[in-house]
K.L.:
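The structure that follows is given in the form of structure tokens.
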Amino acid sequence: MIYTIEIPSPGEEEEIDDELMAYNLQQVPPAQEEPFIKICRCAKDENGVLLGGILACSVLWNVLYVETVWVREDCRGMHIASALLNAVEEEARKCGCYVAQLDTFDFQARAFYEKCGYQVFGTLEDVPEGHARYYMWKRLDS
């Protein structure tokens, strides 16, 4: 077989993603009706100004994936991130999630996540150069 390596079109990117998803779901059927359920929250002050937010979703097999947690620098230390994370985890439990996962860099919030019950299960050293990326998880059903 002769083949070429190319940059996929947006349609081909979608096909690649869809084909892998179809394979995965043949191996392990989804545990939730919708494959991806957004569970995002934000914190605002009394004037509606954004103080911080969390972007997360319940993925396929009732796994909460926390993609982004951000709090304005002048609002850090006010427990906003804890409140956001607790709100998302509670909603995830209601959706049937039993485990959560996220990643963070050494210059971000590893200690914060550990205080919230997350544990490191993997480390990617020297990414970015001179730093580390930590992959973390937490049981939500215990």
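This chain uses plain numbering: 1 for the first residue, then up along the sequence.
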K.L.:
Filter on ring pair (Phe, Tyr, Trp, His ring centres under 6.0 Å), then keep only pairs touching residues 86-106, sequence neighbours left out; what's left?
P.N.:
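Residue pairs passing ring pair (Phe, Tyr, Trp, His ring centres under 6.0 Å), neighbours aside: F105-F107.
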
K.L.:
Tell me every residue that passes side chain to side chain donor-acceptor pair (under 3.5 Å) with Q108, counting only those two or more places apart in sequence or in another chain.
P.N.:
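Once residues adjacent in sequence are excluded, the partners of Q108 under the side chain to side chain donor-acceptor pair (under 3.5 Å) criterion are T104.
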
K.L.:
Please identify each residue that fulfils side-chain contact (heavy atoms from CB on, under 4.5 Å) with P8, with sequence neighbours left out.
P.N.:
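Expected list: E12, E13, I16.
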
K.L.:
Taking only residues two or more places apart in sequence or in another chain, which ones pass salt bridge (charged side-chain N to carboxylate O under 4.0 Å, His left out) with D141?
P.N.:
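So D141 forms a salt bridge (charged side-chain N to carboxylate O under 4.0 Å, His left out) with R139.
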
K.L.:
Any side chain to side chain donor-acceptor pair (under 3.5 Å) pairs touching residues 55-65, not counting sequence neighbours?
P.N.:
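Matches after skipping sequence neighbours: Q32-S58.
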
K.L.:
Out of curiosity, does L64 fall in the hydrophobic cluster containing L60 (side-chain heavy atoms, cut-off under 4.5 Å, transitive links)?
P.N.:
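They do not share one cluster, since no chain of ILVMFWY contacts under 4.5 Å joins L60 to L64.
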
K.L.:
Distance-only, no hydrogens or angles: does the R93 side chain make a donor-acceptor pair with backbone N or O of L140 under 3.5 Å?
P.N.:
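Side chain of R93 to backbone of L140, a donor-acceptor pair under 3.5 Å: yes, one is there.
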
K.L.:
Can you list the residues that meet the salt bridge (charged side-chain N to carboxylate O under 4.0 Å, His left out) rule with D74, with sequence neighbours excluded?
P.N.:
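Listed in chain order: R72.
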
K.L.:
Would you indicate whether E129, at its atom CD, is surrounded by more than 12 heavy atoms from other residues, nucleotides or ligands within a distance under 6.0 Å?
P.N.:
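Incorrect, the count does not exceed 12.
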
K.L.:
What pairs with T68 under side chain to side chain donor-acceptor pair (under 3.5 Å), at least two apart in sequence or on another chain?
P.N.:
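Expected list: none.
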
K.L.:
Taking distance alone, no hydrogens or angles, what donor-acceptor pairs closer than 3.5 Å link side-chain atoms of residues 77-91 to residues at least two apart or in another chain?
P.N.:
from	atom 1	to	atom 2	distance (Å)
N86	ND2	S82	O	3.2
E89	OE1	K138	NZ	2.9
E89	OE2	Y118	OH	2.7
E89	OE2	K138	NZ	3.3

K.L.:
Can you list every side chain to side chain donor-acceptor pair (under 3.5 Å) pair that touches residues 16-26, not counting sequence neighbours?
P.N.:
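Every candidate side chain to side chain donor-acceptor pair (under 3.5 Å) pair involving residues 16-26 fails, so no pair, neighbours aside, qualifies.
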
K.L.:
Please report the interatomic distance OG1(T123) to CZ(R133), rounded to the nearest 0.5 Å.
P.N.:
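Here the interatomic distance stands at 12.0 Å.
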
K.L.:
Same cluster or not: F121 versus L102, using hydrophobic residues (I, L, V, M, F, W, Y) connected whenever any side-chain heavy atoms lie under 4.5 Å apart?
P.N.:
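No; tracing contacts between hydrophobic side chains, which count when under 4.5 Å, never links both residues.
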
K.L.:
Can you check whether H131's main-chain N or O pairs, donor with acceptor, with D106's side chain at less than 3.5 Å?
P.N.:
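Not confirmed, D106 side chain does not pair with H131 backbone.
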
K.L.:
Quick one: list whatever passes salt bridge (charged side-chain N to carboxylate O under 4.0 Å, His left out) with E114, sequence neighbours left out.
P.N.:
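Partners of E114 by the salt bridge (charged side-chain N to carboxylate O under 4.0 Å, His left out) criterion, ordered by chain and then number, come out as R110.
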
K.L.:
May I ask whether V127 and Y135 are part of the same hydrophobic cluster, defined by side-chain heavy atoms of I, L, V, M, F, W, Y residues being less than 4.5 angstrom apart, directly or through others?
P.N.:
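Yes; Y135 is reachable from V127 via cluster members.
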
K.L.:
Please report, to 0.1 Å, the donor-acceptor pairs under 3.5 Å made by any side chain of residues 34-55, with sequence neighbours excluded.
P.N.:
from	atom 1	to	atom 2	distance (Å)
D45	OD1	N47	N	2.8
D45	OD1	G48	N	3.1
D45	OD1	V49	N	2.9

K.L.:
Taking only residues two or more places apart in sequence or in another chain, which ones pass ring pair (Phe, Tyr, Trp, His ring centres under 6.0 Å) with Y3?
P.N.:
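For Y3, no residue satisfies ring pair (Phe, Tyr, Trp, His ring centres under 6.0 Å) once neighbours in sequence are set aside.
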
K.L.:
Following the transitive rule for hydrophobic clusters with a side-chain heavy-atom cut-off under 4.5 Å over Ile, Leu, Val, Met, Phe, Trp and Tyr, establish whether V66 and V63 coincide in one cluster.
P.N.:
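No, V66 does not connect to V63 through the hydrophobic network.
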
